[in-house]
Structures are given as structure tokens and as C-alpha cells.
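Note sheet for the following structure.
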Amino acid sequence: MATCPVPEDFFKKLSDKYEVAEKEQHVVFGGSSATFETVEDHNRKFHLTLLQSLNQRPQKGDKNDNPFAKPEPELTILDKFGPSDEFRVVFNKFPLVPRHFMIVTRDFKSQNTPLSPSELSATYSLLVALKKQQDRDWFAFYNCGPESGASQPHKHIQFMTLPTDYTPLPDRIALNSHPFIPDTKQEPLQDGDLPFAHFIARLPDNFEDVEEDDLVMYFSSLLQRALTVLRSHEQSHISYNFCLTTKYMLLVPRSSGVFKDTLGINSCGMMGLILTKDDNDVKIIKEVGPATVLAEVGFPSTAGEGTDEYHY
Ligand code: AMP
Ligand code: AMP
């Protein structure tokens, strides 16, 4: 099992601390003014969240104005975490979903770097602890690179609960497939119903069997596929969304962080959870179709294409 010790009372700590942080307004919860609807496109359902009141979240952070250099103590759940205490676990200050939290590196590391073995195993270990300690489905996500929808340059991996009444886009193909075996002729999964390039690795059935080395091999196999797509479209940057559950990982190469210059899409969008800030965004998404929107900010599907010696 990918071991990175997580306190046995982690979920209790998370809940207790969140309750106080929200009550005392250290966390600015935006979810109470949000409305939800489901939109169908390409045979799939998408979960739209409409947030009428624009929250006070900074649009773009930079290294000098960096909220993760010294996170607020009221938002800090674990001040030291990870195999070498290299991370902090902190709340997202502007959540739409209660208890939305993040792993941030204690020292500055760029959000443009791939996930390291310890980052992967710390992330997976937290997901496993949450699964054992609470009866909700969580996912972790990492928006990597300038066109991934990230707003902060300091490395952070986020954790959110999934809506209870919604099946995320990767579930259908991932949950009906055998575990991925990297370094064989087996290709990562790609759902032919979806028009955008995306790569899925099903994890072993027993989440206790997953080792750090497995996570690293799965991640690098998916990243290779994304790099091939980025190169074939002559991109000058490496941007992708990465999502992890205890059952699968998903990696989606990105061409743009925003659709039509206004609608920001990040990893949540690639799970089918699309956040909109006004009625006009909702209108555009319905006209264009949410799956097409995702294809516009990603790349065309490569399902069924296979690999050759020119692929990474
Ligand atoms: P991303 O936009 O994916 O880069 O994620 C960065 C997240 O950091 C955003 O979701 C913000 O809500 C959150 N954030 C911004 N400022 C702070 C802060 N001072 N403390 C904690 N989280 C913050
Ligand atoms: P944004 O202003 O796009 O960064 O989003 C505001 C907050 O909601 C951030 O903390 C995001 O990480 C988070 N978020 C982004 N997309 C979604 C979504 N579809 N559902 C719930 N929260 C989201």
C-alpha cells in the first residue's frame, strides 16, 4: 500500500477545523448561493454549477503575492505532512463544496512540474484515509501548466467531495475495465463517446494493493500519452488536468485554460463538473454543448489510434 501516514482522526480534524473556519469566516464559502443543473450532451450527463455571486478569490496569484507561502493558521489542517514533512494540508479559502482542501508544498515548487512519487503517494494516501474514515466519494485534482485552469503558481493538489447524485465522466469506462498494466501493449482507456483526448488508468481492484511505484508508473504512462498529443498539436507549453480517485486516474492534455475568453475550465470540468459564473455562460454551454466545450479547451479524441515508435 502506498504509505504516507495519515492521522487516524484526519477526517474528524478536517470537519472540526472546517466548522470553526467557516463560522469565523476564514473560509469564504460560496456554495450557498450556487444552483445546479444537469445538461446532456454526447450521451453523457454534465453537472453545471451556477455561482451568481462572484466570490473574492484572487484571479491570478504570483510568486510574490503567494497565499501558500505562509498559509493562514486557521486554514491549516496539518502543518507537516508527507514522507519528509514536505507538505502542508490546508483548506481552500474559497470553496463551493464544504471541506475542499489542498496539499501544498512547504517550500515553493512550480505548479508546472509533474507530480513526484511522494506527491502521488501523499495524495493517494489521503484519498484512502478519507474512504476509510468517511462515507463519501472524494477525488483529488492537479491543474498543471499555464493552460490548465490553475490560478496559483505554488504547487497545490486539491481534494473535493463528488456530488452524491452524479456519475463523473470517467466512471463508466473506468469501472467496467480491468486494472491497467503499464509498460505493456495495453493502451490507457479513452471513452469513445467523449470528443476530447483523455487517458484513464484503472487502478487495482483492492485499493490497499496500490504501491507508490504503481502510482508513478500509471501517472507517467498517462503523461506520455498527453505529451504526444501536445507535441502533435505543436504546443509550446505542457498543460494538463489530472484527477485521482481510489479507483482510477485521469489525465487530460489542455490547449486553453478558458473557453471563449471567459469560461475557466479546470480538472473539475474534466470530471463533468462545470462551474459557471453567470447566465450567459450557461446559455453558451447549452448552445455549444458541454462535451464540445471540453474538446475546445483540450484536443480531439485519439481513441482507437494506438501508438507507434514516434510516440513518447
Ligand atoms: P487553482 O485555481 O486551481 O490554482 O487553485 C488555487 C485555489 O487556491 C483556488 O481554488 C482558490 O480558491 C484558492 N485560494 C486562493 N487564495 C487562497 C488563500 N489565501 N488560502 C487558501 N486558498 C486560497
Ligand atoms: P474558480 O473561481 O474557478 O477557481 O472556482 C472557485 C472555487 O471552486 C475554487 O476553489 C475551485 O477549485 C472550485 N471549483 C472549480 N470548479 C468547481 C466545480 N465544478 N464544482 C465545485 N467547485 C469547483
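Heavy atoms only: backbone and side chains are in, while hydrogens, waters and symmetry mates are out. Read the numbers this way: they start at 1 and go in the same order the structure lists the ligands and their atoms.
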For Asn143, is the nearest heavy atom under 4.0 Å from an atom of ligand 1? yes
Practice item. Look at ligand 1 and say whether Met102 reaches it with a heavy atom at a distance under 4.0 Å. Key: yes
Atoms of ligand 2 less than 4.0 Å from [X] heavy atoms?
X      : value
Leu96  : 8 (O), 22 (N)
Asn92  : 10 (O)
Gln158 : 12 (O)
Asn266 : 15 (C)

Answer yes if Met249 and Val210 sit in the same cluster of Ile, Leu, Val, Met, Phe, Trp and Tyr residues linked by side chain heavy atoms under 4.5 Å apart, and no otherwise.
yes
Using a 4.5 Å side-chain heavy-atom cut-off and chaining through intermediate ILVMFWY residues, the residues clustered with Phe36 come out as none
Specify side chain, backbone, both or neither for [X], according to which of its non-hydrogen atoms lie closer than 4.0 Å to ligand 1.
X      : answer
Gln111 : neither
Phe68  : side chain
Leu75  : side chain

Exercise for review: Only heavy atoms count here, so choose which of His100, His156, Met271 is nearest to atom 13 (C) of ligand 2.
Suggested key: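 Ranked by closest heavy atom to atom 13 (C) of ligand 2, first place is His100.
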Looking at side-chain heavy atoms only, is the closest gap between [X] and [Y] below 4.5 Å?
X      : Y      : value
Gln111 : Gln152 : no
Thr105 : Glu119 : yes
Val252 : Tyr240 : no

In terms of atom number and element, which parts of ligand 1 are under 4.0 angstrom from non-hydrogen atoms of Phe91?
->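 Once the distances to Phe91 are compared, the set is 21 (C), 22 (N).
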Within 4.0 Å of some non-hydrogen atom of Ser151, the atoms of ligand 1 are 1 (P), 2 (O), 4 (O), 6 (C)
What is the distance from atom SG of Cys268 to atom CZ of Phe141, rounded to the nearest 0.5 Å?
->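 Output value for this atom pair is 3.5 Å.
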Would you tell me whether [X] and [Y] have side-chain atoms, one donor and one acceptor, within less than 3.5 Å of each other?
X      : Y      : value
Ser267 : Asn241 : yes
Thr113 : Lys155 : yes
Ser255 : Glu147 : no

Only distances under 3.5 Å count here; give the side-chain donor-acceptor pairs of residues 73-85 to other protein atoms, sequence neighbours excluded, each with its distance to 0.1 Å.
residue: Thr76; atom: OG1; partner: Glu72; partner atom: O; Å: 2.9
residue: Asp79; atom: OD1; partner: Arg88; partner atom: NE; Å: 2.9

Note: Met160, heavy atoms under 4.0 Å from ligand 2, region reported as side chain
Heavy atom under 4.0 Å from ligand 2: found in Lys277's side chain, backbone, both, or neither?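 Just the side chain.
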If you measure every N or O of Phe141 against every N or O of ligand 2, does any of those distances drop under 3.5 Å?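 In this structure, Phe141 places no N or O atom under 3.5 Å from an N or O of ligand 2.
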